[in-house]
Amino acid sequence: MNEIKKSTIIEILKSPINKLVKEFGAELEHVVSNRLLEYQLEEFNRSIYVKTLLFRSEPKYLYSLYQHLRIRKEKSKNSLSTENVKKLFSNKKFI
């Protein structure tokens, strides 16, 4: 009886699992064949270092120059915009 239940369950699940494997396999084959991941990695490596007016010949790491557009305390949902400095300091003398 127990053996019959196992084989019935296997037969029921076999078709959907095979479909998922085929679809996933086709998707994976597509990604590998069009070399999209290689392109993304190449663009990331090319763009992560930038030249600026201050450091003309020396490329700098992009995130060392990046300025956040909002200031937010940890674990807080409220944030302050940094787009306008006068507005930022209008109500407070410090942040």
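Please read all numbers here as calculations on a predicted model, not as lab measurements.
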Could you check Lys60 against Glu58 for salt bridge (Lys or Arg N to Asp or Glu O under 4.0 Å), going step by step and ending with a plain yes or no?
-> CA-CA 6 Å; Lys60 289 292 184 178; Glu58 184 182 339; 3.3 Å; yes
Linked, directly or transitively: Tyr49 and Leu41 (ILVMFWY side chains, under 4.5 Å) = no
What pairs meet the salt bridge (Lys or Arg N to Asp or Glu O under 4.0 Å) rule with one or both residues in residues 36-51, with sequence neighbours excluded?
-> Arg35-Glu38, Glu43-Arg46
